[in-house]
There are 2 protein chains.
Amino acid sequence: MRQQDPSPASAGGRLAEAMQRGDVFADLCPSREVLNHVTSRWGVLLLVALLGGTHRFSELRRKVRGISEKMLAQTLQSLEGDGFVDRIAYPVVPPHVEYRLTPLGQEVGQRVEALADWIELNLGEILSARQARQATQASVE
Amino acid sequence: MRQQDPSPASAGGRLAEAMQRGDVFADLCPSREVLNHVTSRWGVLLLVALLGGTHRFSELRRKVRGISEKMLAQTLQSLEGDGFVDRIAYPVVPPHVEYRLTPLGQEVGQRVEALADWIELNLGEILSARQARQATQASVE
DNA sequence: CCGTATCCGCGCCGATACTG
DNA sequence: CAGTATCGGCGCGGATACGG
């Protein structure tokens, strides 16, 4: 191994430890499954949307523009299954259903938003780094 | 809209604002593309691995158990393209190539690790929440 | 209004073989 | 050692239609 001092930049969390054992990568690993739900295409956006408070099905559909009913229902179910969202159905006609984050969901949602927001904030720097590299490439060939 | 007070739980970042305009969801949106790279199946694991320091291609292949050469090369290229990793090739035979995080990559990597580690830490609570809900289901039907 | 069911195309990704 | 090239399965997810 190249260097095993545990504190150069990252302070190595449990994930880093688990990587050594190789048991993070089995796709059936529960934490990988949860991570996939959370970082999935629509999971990220739904968590951010729900950080804004309780929403109805149709409200989420409008707010998360471009999502199909199928994926909205499916993603909400997976997040509900992980205990991140609560589904509250009022027995009226026409049906009225509300979704909101559980305390657990708010915690994970904040971390997801922290990541997404960082990217949004630093997008300029990221893209200009891309430019610089393309210029280098051009001068080489 | 149900509630628009901007400070119940999340303090709403730029992402939340952008969602209203609907320009976060275009799949060609650059920030969505970067987010997809970072949260992709192997992107997460590579960033965490590289938080541990510089690695060679074959070292990453061993550390991130289960990844194919194709996906390793491909994911590393996308991360390099976003300015998150540096690729250093030494012109010797046999070839010797090292990968390490840029300062930008360390920042994003820390946020990814924060998310992944939180899940790992709270996995017990997540799974027991699932249990509780299944028990509820069983008693209902 | 809030979903479920079905069909199906497209792209991700693993396997394999090959190059510098 | 460090990749690229090519093929092929299969699952994600969009479109559509239907039910409570």
Side-chain angles (χ1 to χ4, degrees), chain A residues 1-2 25-28 32-33 35-46 49-50 54-81 85-100 137 140-141, chain B residues 1-2 22 25-29 32-33 35-46 49-50 54-81 85-100 137 140-141:
Chain A
M1 196 83 34
R2 184 140 255 104
F25 308 104
D27 264 336
L28 4 87
R32 281 287 307 164
E33 190 188 348
L35 191 62
N36 285 337
H37 292 161
V38 163
T39 64
S40 70
R41 180 171 182 206
W42 302 114
V44 173
L45 301 173
L46 281 178
L50 287 172
T54 304
H55 288 75
R56 300 186 56 170
F57 188 84
S58 49
E59 288 175 340
L60 289 172
R61 191 154 157 56
R62 275 191 300 274
K63 201 163 184 180
V64 180
R65 204 173 309 258
I67 193 172
S68 64
E69 287 191 357
K70 175 186 173 183
M71 290 314 296
L72 180 53
Q74 190 169 303
T75 308
L76 282 171
Q77 282 169 11
S78 72
L79 292 177
E80 189 192 2
V85 311
D86 271 339
R87 178 182 186 277
I88 305 134
Y90 298 93
V92 296
V93 288
H96 183 116
V97 182
E98 293 186 342
Y99 294 91
R100 67 165 133 118
Q137 280 296 67
V140 168
E141 70 176 336
Chain B
M1 198 77 43
R2 186 141 251 99
F25 309 106
D27 263 336
L28 3 86
C29 168
R32 281 288 307 164
E33 189 189 347
L35 190 63
N36 285 337
H37 292 162
V38 162
T39 63
S40 71
R41 181 172 180 206
W42 302 114
V44 174
L45 300 172
L46 281 178
L50 287 172
T54 303
H55 287 76
R56 300 187 56 171
F57 188 85
S58 49
E59 288 175 341
L60 289 172
R61 193 154 156 53
R62 276 191 299 276
K63 202 164 184 180
V64 181
R65 203 172 308 260
I67 194 172
S68 63
E69 288 191 357
K70 176 186 172 181
M71 290 313 295
L72 179 51
Q74 191 170 301
T75 308
L76 282 172
Q77 281 168 13
S78 72
L79 292 178
E80 190 193 1
V85 310
D86 272 338
R87 179 183 185 276
I88 305 134
Y90 298 93
V92 295
V93 289
H96 182 115
V97 182
E98 293 186 341
Y99 294 91
R100 68 165 130 119
Q137 280 296 64
V140 169
E141 70 176 339

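Letters go in sequence order (proteins before strands), and every chain restarts at 1.
Looking only at side-chain heavy atoms (C-beta outward), B:R87 and B:L76 stay at 4.5 Å or farther from each other.
A:R61 comes within 4.0 angstrom of no nucleic acid atom, judged by non-hydrogen atoms across all strands.
Rounding to whole angstrom units, CD of residue A:E80 and C1' of C:dG3 are separated by 13 Å. Atom P of nucleotide D:dC12 and atom CH2 of A:W42 are separated by 15 Å, given to the nearest angstrom. Distance A:E69 CD to D:dG19 P: 15 Å, rounded to the nearest Å. Between the P atom of D:dA2 and the CZ atom of B:R62 lies a distance of 9 Å, rounded to the nearest Å. The separation between A:K70 atom NZ and C:dG3 atom P is 16 Å, rounded to whole Å. The separation between A:L72 atom CG and D:dG14 atom P is 11 Å, rounded to whole Å. Look at CD1 on A:I67: it is 14 Å from C1' on C:dC2, rounded to the nearest Å. Residue B:Q74 contributes atom CD, which lies 15 Å from atom P of C:dA15 at whole-angstrom precision.
Relative orientation of the B:Y90 and B:H96 rings is perpendicular, given thresholds of 30° and 60° on the angle between their planes.
At C:dG3, one or more side-chain N or O atoms of A:R87 fall inside 4.0 Å of OP1 or OP2 (strictly under the cut-off). Checking the phosphate oxygens (OP1, OP2) of C:dG3, a side-chain nitrogen or oxygen of A:Y99 falls inside 4.0 Å.
A donor-acceptor pair is defined here as one N or O able to donate and one able to accept, closer than 3.5 Å; no such pair exists between the side chain of A:R41 and the backbone of B:N36. Put simply, the side chain of B:R61 gets close to the backbone of B:I67: a donor and an acceptor are under 3.5 Å apart.
Comparing A:S68 and A:P95 against DNA chain D, the residue whose closest nucleotide sits nearer the 5' end is A:S68.
For A:R41, the listed nucleotide lying nearest its side chain is D:dG14; candidates were C:dG3, D:dT4, D:dG14.
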